[in-house]
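The structure under discussion appears below in the form of structure tokens.
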Amino acid sequence: MKSFMIQGAKILATGSATPVVSLNNNKISQIVQTSDEWIFSRTGIKERKILTGFNQSVVDLAILASNKALNKISMNPSHIDLIILATSSPHDLFGSASKVQFKIGAVNAVAFDLTAACSGFVLSLVTASQFLHSGSYKNILVIGADVLSKWVDWSDRSTCILFGDGAGAVILQSCSISNNSILNFQLDSDGKYSDQLSIKYREEIVSSSVLNLYKGSFKYLYMNGKEVYKFAVSQVPLSILKCLNSLNISIQDINWLLLHQANKRILNAVADKLCINRNKIITNLIKYGNTSAASIPLALDEALLKNKICNKDIIVVSGFGAGLTWGTIIIKWYI
Ligand code: UT7
């Protein structure tokens, strides 16, 4: 661990939420020229959930997921000290976390957004763990939530078929160092490739006789799928190996591989490169597609609901995406 630790950090509860409206591959083939066969064989996705209600936003999904996590452990929201909302599709450019803070009644929490696209949840979990390890806070709510359906170009078949909306939340609590769950992390960025996956800022000039004034807005999501694919399958295994080596944990010790749910082929390629048995991969992208910052906590919550994860299991968690940014956390699960 790179940080000075006076307390451990433990995940107490998880929760998740997805919209009710489902868009399957056959329906999407009525929007763009594609097919269930192409989408499923290239990505592993069969359907995705889409937020369709007017003015519904990432805030609504984040609130639902957070309340589910809080209810699981009957925690009074006033006991939360910090809320980090990992999102790249906020309802307000100034941030959405404080709206969640207000709506769930976390009256004593400070709240902020963290923008790192599909790596957002991993970066947020590491950030939260630092506040716990240093003894600054006791209870932290970390939410990964995105509604990229509002930002994809629904005429671009190379991207609109991939993304779905969702939210996942985890509640972390400080604990003794001997019960620490966040064993190690590795975070990286390479802005040289930021153009490969982005929602670019766009501006138009607003004429004025005094000076140039600009009005801002954002374009649609753009992704060079091939390049991002290559980046993911080359960098993620290296990130995982770095983390494992510094802990002296071997590949055989890994119980679960929980990667950002971008593409089934990426999950398999990373597992194969590391010689991790494919049946250790946690995946649910068949039902939800790529939900960006939500994908890891959503899949974690489902795996827990299915009682897959046992006490002291080692879970390797990796996120990757726009930035480009990628990161790994090694978790030892304590019930
Ligand atoms: O969340 C952040 C991280 N994201 C990722 O890691 C995503 C990484 N990239 C990928 O998962 C894959 O690159 C994609 C799933 C996006 C694309 O798969 P691919 O195997 O790389 O396909 P491609 O882009 O090379 O396209 C192959 C062909 C092209 O046709 P031609 O040029 O060979 O004639 C595309 O035009 O497939 C065509 N194509 C489609 N055909 C039917 C692209 N999208 C579609 C589509 N339906 N939806």
Side-chain angles (χ1 to χ4, degrees), residues 23-48 86-89 115-123 144-166 168 188-191 193-199 220-240 257-271 273 281 283-286 288-299 317-328:
L23 185 63
N24 66 26
N25 291 348
N26 288 328
K27 279 193 211 155
I28 223 170
S29 66
Q30 293 165 22
I31 301 173
V32 285
Q33 199 180 358
T34 188
S35 64
D36 175 51
E37 199 282 325
W38 192 96
I39 300 173
F40 187 62
S41 63
R42 299 281 181 135
T43 69
I45 300 166
K46 276 275 181 195
E47 60 179 311
R48 68 288 291 142
T87 188
S88 297
S89 43
T115 307
C118 303
S119 306
F121 181 76
V122 167
L123 266 80
D146 266 310
V147 287
L148 288 184
S149 70
K150 292 178 188 278
W151 293 98
V152 293
D153 176 354
W154 283 102
S155 65
D156 175 9
R157 67 177 182 174
S158 68
T159 51
C160 75
I161 54 134
L162 299 170
F163 296 95
D165 303 332
D188 290 281
S189 292
D190 191 347
Y193 303 104
S194 59
D195 286 348
Q196 304 296 332
L197 176 48
S198 69
I199 302 176
Y220 290 125
L221 184 153
Y222 165 79
M223 178 167 70
N224 181 340
K226 269 204 181 324
E227 286 308 311
V228 177
Y229 187 102
K230 279 193 263 174
F231 139 74
V233 297
S234 63
Q235 294 305 320
V236 173
L238 294 177
S239 168
I240 292 173
L257 182 63
L258 174 49
L259 305 182
H260 165 50
Q261 306 287 297
N263 185 323
K264 189 78 187 285
R265 290 187 293 140
I266 295 178
L267 310 192
N268 288 342
V270 171
K273 269 197 166 179
I281 298 173
T283 179
N284 64 1
L285 92 163
I286 190 169
Y288 303 112
N290 178 344
T291 55
S292 188
S295 86
I296 290 171
L298 191 59
V317 176
S318 293
F320 51 90
L324 299 176
T325 291
W326 63 105
T328 297

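Each ligand, and each atom within it, is numbered from 1 in the order the structure gives.
The protein non-hydrogen atom at the shortest distance from atom 36 (O) of ligand 1 is Arg157 NH2, 3.2 Å. With respect to atom 16 (C) of ligand 1, the closest heavy atom belonging to the protein is Leu162 CD1, 3.8 Å. The protein heavy atom nearest to atom 1 (O) of ligand 1 is Asn290 ND2, 2.6 Å. Of the protein's non-hydrogen atoms, the one nearest atom 22 (O) of ligand 1 is Arg42 NH1, 3.5 Å. Among all non-hydrogen protein atoms, the one lying nearest atom 23 (P) of ligand 1 is Lys226 NZ, 4.0 Å. The single protein non-hydrogen atom nearest to atom 18 (O) of ligand 1 is Arg265 NH2, 3.4 Å, given as residue, atom name and distance. The nearest heavy-atom contact from the protein to atom 2 (C) of ligand 1 is Cys118 SG, 3.4 Å. When only non-hydrogen protein atoms are considered, atom 44 (N) of ligand 1 lies nearest to Trp38 CH2, 3.4 Å.
For the pair Phe231 and ligand 1, no heavy-atom separation below 4.0 Å is found. Under a 4.0 Å heavy-atom criterion, Leu197 is in contact with ligand 1. Ile39 does not count as a contact of ligand 1, since none of its heavy atoms falls under 4.0 Å from the ligand.
When each of Arg48, His260, Gln261 is paired with Asn290, the side-chain hydrogen bond (donor to acceptor under 3.5 Å, both in side chains) condition holds for His260 and for no other. With respect to Trp326, the side chain to side chain contact (heavy atoms under 4.5 Å, CB included) criterion is satisfied by exactly one of Asp190, Leu123, Val122: Asp190.
Near Ile266, meaning under 4.0 Å from any of its heavy atoms, are these atoms of ligand 1: 6 (O), 8 (C). Against a heavy-atom cut-off of under 4.0 Å, His260 is close to the following atoms of ligand 1: 1 (O), 2 (C). Close contacts between ligand 1 and Val228 involve ligand atoms 3 (C), 4 (N), 5 (C), 6 (O) [criterion: under 4.0 Å to a heavy atom]. When each atom of ligand 1 is checked for a heavy atom of Met223 under 4.0 Å away, the hits are 4 (N), 7 (C). Taking every non-hydrogen atom of Asn263 and a distance limit under 4.0 Å, the qualifying atoms of ligand 1 come out as 10 (C), 11 (O), 12 (C), 15 (C).
How far OG1 of Thr159 is from OH of Tyr220: 11.0 Å, rounded to the nearest 0.5 Å. Between Gln235 atom CD and Lys230 atom NZ the span is 13.0 Å, to the nearest 0.5 Å.
Residue contacts with ligand 1, taken as heavy atom pairs separated by less than 4.0 Å, do not involve Thr159 at all.
Using a 4.5 Å heavy-atom cutoff, the side chains of Cys160 and Val32 are in contact. You'll find the side chain of Leu148 reaches within 4.5 Å of the side chain of Leu221, heavy atoms only. Arg265 has its side chain within reach of Arg42: a pair of non-hydrogen atoms, C-beta onward, lies under 4.5 Å apart. Thr43 places none of its side-chain heavy atoms less than 4.5 Å from the side chain of Leu285.
Considering backbone and side-chain N/O of Gly225, one or more are found under 3.5 Å from N/O of ligand 1.
Summarising the contacts of atom 47 (N) of ligand 1 with Leu324, Thr43, Leu221, Thr34, the nearest heavy atom is found in Thr34.
Dense packing is recorded around OH of Tyr222, with more than 12 heavy atoms of other residues, nucleotides or ligands lying under 6.0 Å away.
Evaluation of the side chain to side chain donor-acceptor pair (under 3.5 Å) rule for Thr328 yields Ser239, Ser318 as partners, not counting sequence neighbours. Remark: Asp36 engages Lys46 in a salt bridge (charged side-chain N to carboxylate O under 4.0 Å, His left out) (not counting sequence neighbours).
Not a single protein heavy atom sits closer than 4.0 Å to atom 30 (O) of ligand 1. For atom 34 (O) of ligand 1, the nearest protein heavy atom is 4.0 Å or more away.
Neither side chain, Asn26 nor Ser29, offers a donor N or O lying under 3.5 Å from an acceptor on the other.
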Could you go step by step and tell me if Thr87 and Asp146 meet the side-chain hydrogen bond (donor to acceptor under 3.5 Å, both in side chains) rule? CA-CA 5 Å; Thr87 188; Asp146 266 310; 3.1 Å; yes
